[in-house]
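What follows is a single structure, written as structure tokens, with notes after it.
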Amino acid sequence: MTDPNVDVSRPSSARVWNYLLDGKDNFAVDRELGEALRSANPGIVGVARAQRRFLIQAVTFLAGEVGIRQFLDIGTGLPTADNTHEVAQRVAPDSRIVYVDNDPLVLVHARALLTSSPEGETAYIDSNVEDPERILSEAARTLDFSKPVALTMIGILGNVADYAEARSIVERLLDAVPSGSYLAVSDGTSTSAQSVESQRVAKQSGHPYNLRTPEEIGGYFEGLELLEPGVVSTSRWRPQPGTEPEALDVYCAVGRKP
């Protein structure tokens, strides 16, 4: 927490999310924004929890039923329980995982905590989501791009201001992976007045996050085979049988590259 590269004067999305998930790796500026976001949109904590649940579910499914052994997790965030490599390697110890983030505090934690099973491998890339070519070049040191890869992008594409550019980033990443690869995306949506207000608060704080429509979330999966139940509120992606969770201002899907 004392790394000189960590800017404690500006909020960080990874640290704000950590605060909303009751983590300890955050600073006063992050907690201030977190409380402002919670005030604007009381459902935002549920959004944070739903995204973690979706990541765990999707990785468990892909490593288990599908048999994916390579994961490229872009927008890692701060380590919590059940990180991507822990979930994947619990199912398949030989899984290889590459994490990508550009927050210095995430890097500090990654070096200390994101260790791998003996059979698999875990690596970390310090890079921005808007530089997919660098991400792919660095990830190729750990992943074999001639074999299927699962791309997970949870709560990260909203950091890209222009939707067309966000689509282009996803397309460039998918172009680099073979048939049988998968894409899992979850991101905030402008589906309520409270969500739109939280976007305004974030922008006012100097930390803008760009909400999309559910249709725009679906656009990331153009040309892919969507898994059931398709593009849905993240809280409603494969819920426990007999339950019908409340829809939240965050949508997700998982798709397969044919």
Side-chain angles (χ1 to χ4, degrees), residues 17 21 23 48-101 106 109-125 135-136 138-156 173-174 176-187 220-221 224-232 234-243 245 250 252-258:
W17 224 235
L21 288 167
R49 291 173 178 166
Q51 289 198 323
R52 286 300 303 179
R53 172 184 167 275
F54 171 66
L55 175 67
I56 293 166
Q57 279 187 295
V59 172
T60 300
F61 171 78
L62 292 171
E65 293 186 42
V66 177
I68 296 292
R69 295 293 177 266
Q70 302 189 108
F71 294 82
L72 181 54
D73 183 339
I74 302 175
T76 302
L78 285 157
T80 62
D82 286 330
N83 299 289
T84 299
H85 76 285
E86 293 169 323
V87 176
Q89 292 178 348
R90 189 158 58 230
V91 177
D94 59 336
S95 296
R96 304 167 77 85
I97 294 86
V98 173
Y99 291 104
V100 182
D101 209 294
V106 174
H109 280 272
R111 287 170 174 160
L113 299 177
L114 298 182
T115 56
S116 174
S117 67
E119 302 93 334
E121 188 171 349
T122 301
Y124 178 89
I125 299 171
I135 289 172
L136 291 165
E138 294 285 328
R141 299 178 182 179
T142 303
L143 306 179
D144 179 354
F145 284 109
S146 69
K147 298 177 181 178
V149 175
L151 303 170
T152 61
M153 306 185 77
I154 312 300
I156 185 65
L173 291 166
L174 285 169
V177 297
S179 172
S181 294
Y182 285 78
L183 171 69
V185 170
S186 176
D187 233 326
Y220 295 130
F221 295 88
L224 302 185
E225 299 167 350
L226 277 176
L227 274 61
E228 291 294 334
V231 181
V232 295
T234 304
S235 56
R236 292 182 169 177
W237 196 83
R238 302 192 175 188
Q240 291 294 324
T243 67
V250 57
C252 72
V254 177
R256 179 185 182 275
K257 182 175 179 178

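Just so you know, residue 1 is the first one in the sequence shown, and it goes up from there.
- The side-chain heavy atoms of L72 and I135, taken from C-beta on, include a pair separated by under 4.5 Å.
- Atom CD of E225 and atom OH of Y182 lie 8.0 Å apart (nearest 0.5 Å).
- Closest non-hydrogen pair, S186 versus V250, comes out as OG-CG2, 3.4 Å.
- Atom-to-atom distance recorded for W237:CH2 and R53:CZ is 8.5 Å, nearest 0.5 angstrom.
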Item to check | Evaluation steps, side chain to side chain contact (heavy atoms under 4.5 Å, CB included), between F145 and V177 | outcome: CA-CA 6 Å; F145 284 109; V177 297; 3.8 Å; yes
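- Taking the side-chain hydrogen bond (donor to acceptor under 3.5 Å, both in side chains) definition, one finds that R238 meets it with nothing, sequence neighbours left out.
- Put simply, the side chain of Y99 gets close to the backbone of H85: a donor and an acceptor are under 3.5 Å apart.
- The minimum heavy-atom distance between A150 and L62, with the atom names listed, is CB-CD1, 3.8 Å.
- Going from atom CG of D101 over to atom CG of D73 covers 9.0 Å, rounded to the nearest 0.5 Å.
- In this structure the side chain of I74 reaches within 4.5 angstrom of the side chain of L173, judged on heavy atoms.
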Next on the checklist: Please determine whether side-chain hydrogen bond (donor to acceptor under 3.5 Å, both in side chains) holds for the pair T234 and Q51, giving the CA-CA distance in whole Å, both sets of side-chain angles, and the decisive distance to 0.1 Å.
Outcome noted: CA-CA 7 Å; T234 304; Q51 289 198 323; 5.3 Å; no
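- Put simply, the side chain of R236 gets close to the backbone of P245: a donor and an acceptor are under 3.5 Å apart.
- A side-chain donor-acceptor contact under 3.5 Å links S181 to the backbone of V149.
- A donor-acceptor contact shorter than 3.5 Å is absent between the side chain of E119 and the backbone of S95.
- Applying the salt bridge (charged side-chain N to carboxylate O under 4.0 Å, His left out) test to pairs two or more places apart or on separate chains, those with a residue in residues 91-100 are R69-D94, R96-E121.
- Closest approach of V185 and F54 over heavy atoms only: O-CE2, 3.8 Å.
- A salt bridge is absent between R52 and D82; no separation between the charged side-chain nitrogens and carboxylate oxygens falls under 4.0 Å.
- Closest non-hydrogen pair, R256 versus G180, comes out as NH2-CA, 3.7 Å.
- Just one of L174, L183, L227 meets the side chain to side chain contact (heavy atoms under 4.5 Å, CB included) condition when paired with F221; it is L183.
- Applying the salt bridge (charged side-chain N to carboxylate O under 4.0 Å, His left out) definition to pairs two or more places apart or across chains, none involves residues 145-155.
- The two atoms that bring P148 and S179 nearest to each other are CG-O, 4.0 Å, heavy atoms only.
- Shortest non-hydrogen contact noted between D187 and G155 is OD1-CA, 3.7 Å.
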